[in-house]
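Report on one structure; see the data block that follows.
Sequence lines set the chain letters: A, B, ... in the order given, protein chains first and strands last, and positions in each chain run from 1.
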2 protein chains.
Amino acid sequence: MKTNNPTRQAAVTTADKVFEQIQHAIVEGDIPSGSKISEPELAKYYQISRSTLREALNRLEKCHLIERKANVGSRVVKCSIEGLLELYITREALEGMACRQAAINMSNEEISEMQAMLKMHGQTQELKDGIAYYQEEGDLDFHYKVILGSHNKQLIELICGQLYHLIRMYRCQFGMNSPRASRAFDEHSRIIQAIADRDGELAEMLMRRHIAASRKNIENKISKEMTQQEQTKIQLIKS
Amino acid sequence: MKTNNPTRQAAVTTADKVFEQIQHAIVEGDIPSGSKISEPELAKYYQISRSTLREALNRLEKCHLIERKANVGSRVVKCSIEGLLELYITREALEGMACRQAAINMSNEEISEMQAMLKMHGQTQELKDGIAYYQEEGDLDFHYKVILGSHNKQLIELICGQLYHLIRMYRCQFGMNSPRASRAFDEHSRIIQAIADRDGELAEMLMRRHIAASRKNIENKISKEMTQQEQTKIQLIKS
DNA sequence: TTACTTGTAATTGTCGACAATAATACTTAA
DNA sequence: TTAAGTATTATTGTCGACAATTACAAGTAA
């Protein structure tokens with residue numbers, strides 16, 4: 001599995017390496033969401049000093065995987081439905097704009113590459129008649145390519161450098177194998193078409209709908225999973 | 001002048017305090033944009049150890065004011081026209097969405113407060129017939145209130161916690177006293193109206209136009225300041 | 001029993017020193 | 001004179017120890 005994103009340079013220092021290890025552990029849930037982080041304990045586990053560990057923790061904080069309070073300590077970020085929905089809202093804004101910029105700034109070569117990639121994904125999908133592979137790898141690849149295609153360093157840094165780790169964390173922890181795979185593939189096709197047509201406005205709109213559809217899919221799932229009782233319970237709490 | 005934003009808790013540790021001091025120095029240009037940061041030098045200047053300084057540097061990196069390379073060191077971020085325009089693009093996406101969410105999630109009390117604030121700003125503006133005060137304080141206050149009104153922690157953290165310092169830096173260093181003050185005031189009024197009407201779609205559109213107008217204002221200014229010769233020079237470089 | 005206070009243990013923040021890496025200056029050969 | 005290679009210097013990364021703060025526990029009074 002591809003764990004590193006193309007925007008970050010390779011980890012050279014030990015703090016970098018430990019950062020990646022802990023990051024992986026948090027994303028995969030090996031270090032539970034919401035749990036407290038003990039600096040001495042983790043430092044001992046990874047055979048490094050506390051200074052080095054704290055350096056790694058700072059990077060984890062940078063991509064919103066842990067939260068620190070002064071003189072109290074660090075906690076792994078707590079996954080919640082509200083947090084997930086907020087993340088989708090943010091993605092819709094940022095990736096929508098990235099898609100618009102991609103339609104303006106991508107080179108013809110980049111567009112050709114993306115079309116080739118999509119074609120390959122389509123074949124793989126046909127082959128496996130399938131959901132899992134495309135959903136995991138292909139979807140991320142597609143979104144990555146679009147974001148990088150914006151040629152906007154600010155957007156790239158925010159989405160690829162910070163938000164995407166959180167997204168992966170939610171995917172792992174909430175086990176998101178949504179049945180939207182084939183529909184998502186069609187949506188991707190239309191988005192690339194809009195980019196190839198240099199239609200930024202349409203490209204943004206399609207990307208926003210694509211992400212909003214995933215969000216609504218989750219919202220529906222949640223409300224279905226709730227029994228009537230639970231819903232009334234929440235109603236009571238809210239009032 | 002109000003330097004702290006409402007999202008961050010008060011600085012308790014010395015690293016926090018030094019962080020704020022350096023942050024201020026960078027934003028105001030006392031530490032020049034693009035200059036290299038010497039850890040021993042700065043640590044000596046602020047009378048702290050290098051560990052503490054590095055802690056502060058990590059926070060500065062978090063809000064994109066400095067950039068670090070492994071085994072090489074830190075540099076203050078370099079202000080550029082391209083960077084500024086990219087920042088506006090990002091703001092347009094994030095604050096536009098925040099505005100949409102504000103129209104959905106703000107309480108009636110919050111909306112009333114904002115209307116009162118705007119009224120006050122209007123009077124101050126009339127009084128001074130003026131540009132400077134409203135442009136500096138009022139504009140930031142307005143945008144802050146809208147962002148917080150989104151009630152979306154992710155958006156709030158991204159914009160207020162990270163991008164905002166960069167925005168202030170550009171304002172200081174490029175001396176942005178645009179002549180858009182009175183027009184901006186009208187635009188703010190319409191945005192609040194849309195929020196009060198709970199019209200999220202319109203609110204987002206108006207906020208995006210509001211920010212895009214500032215961006216285009218800058219783009220025009222730049223292309224005007226360029227002489228014909230310089231433009232052809234750039235044309236040559238691009239081709 | 002409960003609430004408050006005090007004392008202890010553990011955790012985080014800060015420090016100075018050493019190791020590893022990168023930048024610079026110097027030397028030597030062509 | 002220039003180029004490459006080497007030695008030196010300076011800077012960053014890492015370490016272990018101490019100080020300050022917080023959390024926990026025991027004890028006391030109501």
Side-chain angles (χ1 to χ4, degrees), chain A residues 4 8-26 30-78 161, chain B residues 4 8-26 30-78 161:
Chain A
N4 292 347
R8 281 252 187 297
Q9 57 187 9
V12 286
T13 178
T14 63
D16 282 325
K17 293 170 195 161
V18 172
F19 159 68
E20 288 184 355
Q21 291 184 61
I22 302 179
Q23 181 187 22
H24 194 267
I26 290 178
D30 298 335
I31 303 177
S33 157
S35 64
K36 181 156 182 357
I37 285 179
S38 162
E39 291 184 5
E41 190 181 317
L42 263 191
K44 193 174 151 199
Y45 179 82
Y46 288 106
Q47 312 262 26
I48 56 175
S49 79
R50 261 185 63 226
S51 311
T52 307
L53 178 75
R54 281 164 69 85
E55 188 71 33
L57 292 184
N58 273 317
R59 318 239 164 115
L60 290 168
E61 193 186 7
K62 247 187 71 176
C63 51
H64 303 170
L65 289 178
I66 69 171
E67 289 168 347
R68 296 176 70 187
K69 267 190 213 167
N71 286 317
V72 174
S74 312
R75 302 195 82 90
V76 179
V77 74
K78 179 77 186 165
Chain B
N4 291 347
R8 282 247 186 301
Q9 58 186 10
V12 287
T13 178
T14 63
D16 283 324
K17 292 170 195 162
V18 173
F19 158 69
E20 288 184 355
Q21 290 184 61
I22 302 179
Q23 181 186 29
H24 194 267
I26 290 178
D30 298 334
I31 302 177
S33 157
S35 64
K36 179 153 181 5
I37 286 179
S38 162
E39 291 184 5
E41 191 180 318
L42 263 192
K44 194 173 150 198
Y45 179 82
Y46 288 107
Q47 312 262 25
I48 56 176
S49 80
R50 260 185 63 227
S51 313
T52 308
L53 178 75
R54 282 165 69 86
E55 187 71 34
L57 291 184
N58 273 316
R59 317 238 163 116
L60 290 168
E61 194 187 6
K62 247 186 72 173
C63 50
H64 304 168
L65 289 179
I66 69 171
E67 289 168 346
R68 296 177 69 189
K69 266 191 214 166
N71 287 316
V72 174
S74 312
R75 302 195 83 90
V76 179
V77 73
K78 179 79 186 164

Less than 4.5 Å apart, any side-chain heavy atom of B:L53 and any of B:I22?
-> yes
Under 4.5 Å between any side-chain heavy atoms of B:V77 and B:H64, yes or no?
-> no
Indicate yes or no: at least one non-hydrogen side-chain atom of B:N58 is less than 4.5 angstrom from one of A:K62.
-> no
Is the closest basic N to carboxylate O distance between A:K78 and A:E67 below 4.0 Å?
-> no
Using a 4.5 Å cut-off on heavy atoms from C-beta on, say whether the side chain of A:T52 contacts that of A:Y46.
-> no
When you check the phosphate oxygens OP1 and OP2 of D:dT14, does a side-chain N or O of A:T14 lie under 4.0 Å from one of them?
-> yes
With B:E41 via side chain to side chain contact (heavy atoms under 4.5 Å, CB included) - residues at least two apart = B:S38
Go through residues 34-42 of chain B and report each residue with a non-hydrogen atom lying under 4.0 Å from DNA chain D, sorted by number.
-> B:K36, B:I37, B:E39, B:P40
State whether the number of non-hydrogen atoms from other residues, nucleotides or ligands found under 6.0 Å of A:K44 atom NZ is greater than 12.
-> no
Taking CD1 from B:I66 and P from D:dT12, how many angstroms apart are they, rounded to a whole number?
-> 11 Å
Any side-chain heavy atom of B:T13 sitting closer than 4.5 Å to one from A:N71?
-> no
For DNA chain D, what residues of residues 48-57 of chain B have any heavy atom nearer than 4.0 Å?
-> B:R50, B:R54
Within this structure, what is the OH-to-P distance between B:Y46 and C:dG13, rounded to whole angstrom?
-> 21 Å
First locate atom CZ of B:R54, then atom CD of A:E55, and finally report the distance between them rounded to the nearest 0.5 Å.
-> 5.0 Å
Rounded to whole Å, the CZ-C1' distance (A:R75 to C:dT11) equals 14 Å
Would you kindly give the CG-to-C1' distance between B:N58 and D:dG13, to the nearest whole Å?
-> 12 Å
Rounded distance (Å) that lies between atom P of D:dT11 and atom CZ of B:R68 = 16 Å
How long is the line joining NZ of B:K17 and P of C:dG13, in whole Å?
-> 14 Å
Starting at NZ of B:K69 and ending at C1' of C:dT21, how long is that distance when rounded to a whole Å?
-> 15 Å
Give the rounded distance in Å between these two atoms: CG of A:N71 and C1' of D:dT21.
-> 5 Å
